[in-house]
Amino acid sequence: MMLKPEFIASLRGLGADFASLPDALSTEPEVSVRINASKGAAAAAAAERVPWCPEGIYLPSREAFTFDPAMHQGLYYVQDASSMAIAAVAAQIAAEAGGAPLRWLDACAAPGGKTTAIASRLPEGSMLVANEYDRSRAAVLAENVAKWGDGRVACVRGDAARFASMRGAFDVVSADVPCSGEGMMRKDAEAAAQWSPALVEECARTQWRIVEALWEALRPGGAFVYSTCTFNRTENEEIVARLAAGKGARGVTVEALERPEIVRGIDIDLPCYRFLPGRVRGEGLFLCVLRKPGDASAAAVKTPRASRKPDAAAAAVGAWLEGDYAVATDAAGAVCAVPRAVSALLPEARGVQVAQIKGRDILPAQPLALSTSLRDCAFPAVAVDYATALAYLRREAVTLEGAPRGIVLLQYAGRPLGFVKNLGNRANNLYPQAWRIMSTHAPAAPPCVVQ
């Protein structure tokens, strides 16, 4: 990976902490994952923890994650350690709220690492809206959120500017805004190749447009979490300084990030946190938390009652799910569930597909299998071995000995894997076509990432 001389020169103006950064960007990235404790997953006792995220662990090398059923079951998420800083932010905001439910908007949310980290810290009764503009990235976000399985998260797609009309609707807004990607150059050669001063200026203009719109959606006293994966001041300190000067934003110290290896902001009084490769075991990240002027008390999350009698699909889904969901069926027969509080706030929110209508059958969908809201004993369960689990994830036919006919929930290592419709001599695989594993070069045994 070649760094442009112009980029290296730009780092010199950022101070002594950046002198060794070009050398650090030529080293191999760290490998880290974040454990999903809500599904009962745990790391080995000897695992090396990420300092600012207790569920984050470093791995000695990159595993064949594609062939690990545990990853597809949502038991862990492969995420850069620096990005896990959002978990520390969410934990502090939740503690300051005293356990009160929060309305949180995570804008620019794909691929979902920060969204799922936030969800793991939210108080009971909270809701999290994850928005992404790009259609293909929104599909990846929805898949990762579905695998994580937190029923309080709803994914939506659209321009962040539309939230400007929802004045004061959210207690917290986080925005990991599109940026010039300087902090990802170690992992992404394209980021290094496409860098230019003009790109930095273009990104800064886009960032300010997004921030101005999202600021309107934040209630008075609410918290705004601004982050990028780039190094320059133009996209970082200068953006948050504009919020402070023009909007009256006040900086918030994140206690868990007050660590010597995390660099502070450059020429600014606000508490900013810079993660630099070579100083931390992670990629480049800038993060700042700001408080909007006004009343700091959290707004109550209101859950409206159902307004109409549920149809047959909604009634079936209601028997499968724990919690209060609005359920709707689209023209293609997809049955989707969204937390009712989110539905009231964002009627266009489609939610997670939990079933598919095919003829007279209502077939449960894969996100339902992986949801922590799936009701115990909603479906008969059958344990499968590693080879069968991989065959299922490739969407191949599987055979189940002694299993009951009808819908069966496959379990691997004691946890849900997905649904089949057992016909006796064979079972119809209900795993989503778009999620299937394409490669056939699987190891003899899965990686041992979680317990």
Side-chain angles (χ1 to χ4, degrees), residues 7-25 27 29-30 32 49-54 56 80-93 95-96 114 117-118 172-177 179-186 200 203-204 207-208 211 223-293:
F7 167 67
I8 295 175
S10 73
L11 297 177
R12 297 192 187 108
L14 299 179
D17 290 318
F18 293 79
S20 62
L21 191 54
D23 290 335
L25 291 175
T27 62
E30 295 279 352
S32 52
R49 305 282 172 163
V50 174
W52 44 86
C53 180
D80 173 63
S82 297
S83 294
M84 295 181 196
I86 191 66
V89 174
Q92 179 169 310
I93 291 173
E96 291 171 351
K114 292 184 177 69
I118 293 165
V172 189
V173 174
S174 53
D176 189 40
V177 292
C179 68
S180 57
E182 297 167 350
M184 299 303 293
M185 287 181 178
R186 182 162 64 165
V200 170
C203 288
Q207 289 155 2
W208 183 249
V211 164
F224 192 93
V225 187
Y226 179 84
S227 62
T228 74
C229 57
T230 204
F231 300 125
N232 65 79
R233 292 190 75 257
T234 304
E235 300 177 66
N236 294 322
E237 284 90 350
E238 291 182 18
I239 297 291
V240 297
R242 288 181 71 179
L243 278 173
K247 308 290 187 181
R250 295 175 286 111
V252 176
T253 298
V254 183
E255 297 298 336
L257 303 184
E258 292 288 315
R259 303 181 59 85
E261 69 269 30
I262 301 175
V263 176
R264 298 302 178 265
I266 302 170
D267 298 330
I268 193 169
D269 292 332
L270 296 170
C272 303
Y273 303 94
R274 285 177 164 274
F275 295 71
L276 305 182
R279 288 187 61 105
V280 300
R281 296 178 60 186
E283 302 310 298
L285 178 79
F286 173 92
L287 186 147
C288 182
V289 182
L290 300 160
R291 184 73 68 181
K292 191 172 186 177

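We number each residue from 1, following the sequence as shown.
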Peer 1: Between the main-chain N or O of Ser180 and the side-chain N or O of Glu235, is there a donor-acceptor pair closer than 3.5 Å?
Peer 2: yes
Peer 1: Mind checking what makes side-chain contact (heavy atoms from CB on, under 4.5 Å) contact with Lys292, not counting sequence neighbours?
Peer 2: Trp215, Leu218
Peer 1: Can you name the side-chain contact (heavy atoms from CB on, under 4.5 Å) partners of Ser32, sequence neighbours left out?
Peer 2: Tyr58, Ala81, Met84
Peer 1: On a heavy-atom basis, which atom in Ile239 and which in Ala204 lie closest, and how many Å separate them?
Peer 2: CD1-O, 3.8 Å
Peer 1: Where the side chain of Arg186 meets the backbone of Gly282, is there a donor-acceptor pair that is under 3.5 Å apart?
Peer 2: yes
Peer 1: Only pairs at least two apart or in different chains count here, so list each salt bridge (Lys or Arg N to Asp or Glu O under 4.0 Å) that has a residue in residues 83-92.
Peer 2: none
Peer 1: Under 3.5 Å, is there a donor-acceptor pair between the side chain of Asn236 and the main chain of Phe286?
Peer 2: no
Peer 1: Are any non-hydrogen side-chain atoms of Glu182 and Leu25 less than 4.5 angstrom apart?
Peer 2: no
Peer 1: Suppose we screen for salt bridge (charged side-chain N to carboxylate O under 4.0 Å, His left out). Which residues come up paired with Arg279, at least two apart in sequence or across chains?
Peer 2: Asp17
Peer 1: Do Glu283 and Pro29 make a side-chain contact, defined as non-hydrogen atoms from C-beta onward lying under 4.5 Å apart?
Peer 2: yes
Peer 1: Taking the side chain as every heavy atom from C-beta outward, state whether Pro54 and Arg49 have any atom pair closer than 4.5 Å.
Peer 2: no
Peer 1: Can you tell me how far CG of Leu290 sits from SG of Cys272, rounded to the nearest 0.5 angstrom?
Peer 2: 7.5 Å
Peer 1: Could you point out which residue of Val254, Ile86, Leu257 forms a side-chain contact (heavy atoms from CB on, under 4.5 Å) with Trp52?
Peer 2: Leu257
Peer 1: State, yes or no, whether a side-chain contact exists between Ser82 and Val280 at a heavy-atom distance under 4.5 Å.
Peer 2: yes
Peer 1: Can you name the nearest heavy-atom pair linking Thr228 to Leu285, along with the distance?
Peer 2: O-CD1, 3.3 Å
Peer 1: Residues in side-chain contact (heavy atoms from CB on, under 4.5 Å) with Val252, at least two apart?
Peer 2: Gln92, Val289, Arg291
Peer 1: Taking all non-hydrogen atoms of both residues into account, name the closest pair between Asn232 and Arg274 and its distance.
Peer 2: O-NH2, 3.6 Å
Peer 1: Who passes side-chain contact (heavy atoms from CB on, under 4.5 Å) against Glu258, sequence neighbours left out?
Peer 2: Thr253, Glu255, Arg264, Tyr273
